[in-house]
Amino acid sequence: DEKEFVSKLARETMELARSLGEPIQIALALRSLSLTIDNSDVTQKLAVLEESLTLLLAHGNDIQAAIAFMWLAEYDFCFCGAQKASIYAREAMRFSEESGSASMLAQMATNLAQYSAAEGDWEAARRAAADAAEASAQLGMDDQVTWAVQALAMVCAGTGDPLTSARLLGFCDSRTGTLHSQRQVNFGDDILFRWLLTTLREALGPAALDAAMLGGSSLTQADALEIGLRRSGAAA
């Protein structure tokens, strides 16, 4: 079993790192170990990752701390009802900025946009999505542009414009699995996609939703961003 193998390897690495007094290696082993803990055991999963974060804050560098906060944010969003996801995401952005990692900062701005949209904080979602889309486009991070547009689609749906939302979602779907990888099942991008699809199907009906998404699939990236930012501006 792959999970058991990773767990065994992470525990062996952690024991070796402890014997050598290597706190960063202990922290990284704990991070790997968190992946092997069943999602139903959320308390243990978060406790292991929080222990890793504590070590990285004391002994690591900014990018390692940013990654730890990123994982905490995603775990919290997916398994704990998003109690602290936005807080963790903002910390990840702060450490990303201090590290000088433009790609990490763009990724975390995308995540914050989606978490904020899930919370119904439309203006925060729009601002984060605009920052994420601009930075990701400049860096050639196609997947992050897609998820930023998906966040804008959520804002449009949440502020009374389901048709634009459906068009933007069609644009996102035209890129997913072709221009870049699929959504990760049961993680943030996928959870929010399924929420949005259900919301739009109820608002528009299946036929109108399919037609709007088909129309959106032909949008260029520049057009999708312009439409998303302009139409979601109603939330400002």
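- Checking side-chain atoms of Asp76 against main-chain N and O of Gln83 turns up a donor-acceptor pair under 3.5 Å.
- Glu15 has no carboxylate O lying under 4.0 Å from a charged side-chain N of Arg18, or vice versa, which leaves the two without a salt bridge.
- The closest donor-acceptor contact from the side chain of Gln144 to the backbone of Ala132 lies at 3.5 Å or more, if one exists at all.
- Residues Met93 and Leu105 come closest through the heavy atom pair O-CD1, 3.5 Å.
- By the side chain to side chain donor-acceptor pair (under 3.5 Å) test, Ser116 pairs with no residue at all, sequence neighbours left out.
- Nearest heavy-atom pair across Leu46 and Tyr75 is CD2-CB, 3.7 Å.
- The shortest heavy-atom contact between Cys172 and Thr176 is O-OG1, 2.8 Å.
- Asp173 has a carboxylate O that lies under 4.0 Å from a charged side-chain N of Arg183, or vice versa, which qualifies the two as a salt bridge.
- The backbone N or O of Asp161 lies less than 3.5 Å from no partner atom in the side chain of Ser165, so there is not a single donor-acceptor pair.
- The shortest non-hydrogen separation linking Leu30 to Val48 is O-CG1, 3.1 Å.
- Judged purely by atom type and a 3.5 angstrom limit, Thr36 has no side-chain atom pairing as donor or acceptor with the backbone of Ser32.
- In summary, the side chains of Arg31 and Ser52 do not present any donor paired with an acceptor at a separation below 3.5 Å, with no hydrogens or angles considered.
- Residues Asp142 and Arg175 approach most closely at O-NH2, 3.0 Å, considering heavy atoms.
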